[in-house]
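Below is one structure, written out as structure tokens, with a few remarks after it.
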Amino acid sequence: MSQPDFETVKSNWETFENLCGRLSDNNINMLLATLGERLITTPNNTHDSDTGCCAGGLIQMSLEVTSNMRKISSTFDLDISTSSILKVGLLHEIGKVGTLEKNLFVEQDSDWHREKLGQFYKYNEDILKATVPDRTLFLLQHFGVKLSPDEFYAIRLSQGAHHDENRFYLNSTPSLANCLQVAKKF
């Protein structure tokens, strides 16, 4: 597992904060002030074979997805506002931070899991089970972050139509949700 250096993590966080600041939303600012330290260190995945299995992985992935969304929207001349791209791209998986008090991912304490499976993090068994989109939407509503219907559905459907709970929306997803799902595959 390769850890990004301190300067990279710091630079990514500053970029993330700057882009969130462009939304001029005091509720997002409060979310960042409250959860920022934990967001900075949150990995994106549990296994080293997956992108972002390191401290800072979530923020790095969020920046990459946001950049990809902007390119997709521009290339295909989609009618998606820059603010929706920023809000959804940057915040769609903040649920990976966990709850208001506890982290979703904790360091793996089993040498066997780390060495044989490359699992450097595990899910925290001390918090209630919930999907990442549901955790994300909970955190956003807790801090009073307003979402348009398209932004809500983009986050709700961010894990893709292959999940049973998302099949209902198949063939009727807003272009913002489609843009996010494609951007995550790059």
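Side-chain atoms are counted along with the backbone in the values below, which use heavy atoms only and exclude waters and symmetry mates. For reference, positions follow the sequence shown, starting with 1.
- With hydrogens and angles ignored, the 3.5 Å screen pairs a side-chain donor or acceptor of T66 with a backbone N or O of L90.
- Judged by distance alone, with hydrogens and angles left aside, the side-chain atoms of T136 form a donor-acceptor pair with the main-chain N or O of V132 at under 3.5 Å.
- One hydrophobic cluster, built from ILVMFWY side chains closer than 4.5 Å, holds both V182 and L176.
- Two residues are said to be in side-chain contact when any heavy atoms from C-beta on lie closer than 4.5 Å; I40 and F16 fail this criterion.
- The distance from the CD1 atom of I59 to the OG1 atom of T42 is 7.5 Å, given to the nearest 0.5 Å.
- Residues L140 and L19 share a single hydrophobic cluster, defined by chaining ILVMFWY side chains whose heavy atoms lie under 4.5 Å apart.
- Of all heavy-atom pairs between G98 and R135, the closest is O-CD, 4.0 Å.
- At a threshold of 4.5 Å between non-hydrogen side-chain atoms, the residues N45 and K96 count as touching.
- More than 12 heavy atoms of other residues, nucleotides or ligands shown are found within 6.0 angstrom of CD on Q141.
- Crowding of R114 atom CZ: a count of heavy atoms from other residues, nucleotides or ligands under 6.0 Å exceeding 12.
- The heavy-atom pair separating F143 from L100 by the smallest distance is CE1-CD2, 3.8 Å.
- Considering CG of L180 and CD of Q159, their distance stands at 9.0 Å, rounded to 0.5 Å.
- The OG atom of S67 sits 10.5 Å away from atom CD1 of I85, with the distance rounded to the nearest 0.5 Å.
- Between the side chain of T173 and the main chain of N178, no donor-acceptor pair closer than 3.5 Å is present.
- Side-chain atoms of S11 do not come within 3.5 Å of backbone N or O of T8 as any donor-acceptor pair.
- Contact between S83 and L23 at its shortest, heavy atoms only, is O-CD2, 3.4 Å.
- In this structure, V65 and F186 have side chains that are not in contact, with every pair of non-hydrogen atoms separated by 4.5 Å or more.
- Two residues are said to be in side-chain contact when any heavy atoms from C-beta on lie closer than 4.5 Å; R22 and T82 meet this criterion.
- To the nearest 0.5 Å, atoms NE2 (H142) and CG (N27) are separated by 10.5 Å.
- Between L32 and W13, some side-chain heavy-atom pair lies under the 4.5 Å cut-off.
- For the atom pair OG (S175) and CG (D150), the distance works out to 6.5 Å, reported to the nearest 0.5 Å.
- In this model, no donor atom of one side chain and acceptor atom of the other lie less than 3.5 Å apart for T46 and Q119.
- Between K122 and D109, at least one side-chain nitrogen of the basic residue sits less than 4.0 Å from a carboxylate oxygen of the acidic one, meeting the salt-bridge criterion.
- Within the 4.5 Å cutoff, side-chain heavy atoms of D134 are placed close to those of R156.
- Using a distance-only test at 3.5 Å, with no hydrogens or angles considered, no donor-acceptor pair links the side chain of T34 to the main chain of L31.
- A donor-acceptor pair under 3.5 Å is formed between the side chain of H92 and the backbone N or O of V88.
- Here the closest heavy-atom approach between residue N68 and residue A183 is recorded as ND2-O, 3.2 Å.
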Requested in this report: Evaluate side chain to side chain contact (heavy atoms under 4.5 Å, CB included) for L39 paired with L58, printing each intermediate quantity in order.
Outcome: CA-CA 7 Å; L39 284 168; L58 175 62; 4.0 Å; yes

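- The minimum heavy-atom distance between F120 and C53, with the atom names listed, is CB-SG, 4.0 Å.
- Note on I127: it does not cluster hydrophobically with V106, by side-chain heavy-atom contacts below 4.5 Å among ILVMFWY residues.
- A heavy-atom distance below 4.5 Å is not found between the side chains of N124 and L104.
- Using a distance-only test at 3.5 Å, with no hydrogens or angles considered, a donor-acceptor pair links the side chain of R38 to the main chain of K102.
- For D79, the side-chain hydrogen bond (donor to acceptor under 3.5 Å, both in side chains) test picks out no residue, with sequence neighbours left out.
- Of the possible polar contacts, one joining the T75 side chain to the K71 backbone as a donor-acceptor pair under 3.5 Å is found.
- For the pair Y121/E107, a side-chain contact is recorded, criterion being any heavy-atom separation below 4.5 Å from C-beta on.
- Atoms CG and OG, on L78 and S81 in that order, are 12.0 Å from each other to the nearest 0.5 Å.
- Counting only distance, with no hydrogens or angles, the side chain of K184 and the backbone of S158 share a donor-acceptor pair below 3.5 Å.
- Counting all heavy atoms, side chain and backbone alike, V9 lies closest to A55 at CG2-O, 4.0 Å.
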Report task. Quick one: do Q60 and T51 satisfy side chain to side chain contact (heavy atoms under 4.5 Å, CB included)? Show the steps, please. Result -> CA-CA 10 Å; Q60 181 177 348; T51 304; over 6 Å; no

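- By the neighbour-count criterion of 12 heavy atoms within 6.0 Å, atom OH of Y153 is sparsely surrounded, having that number or fewer from other residues, nucleotides or ligands.
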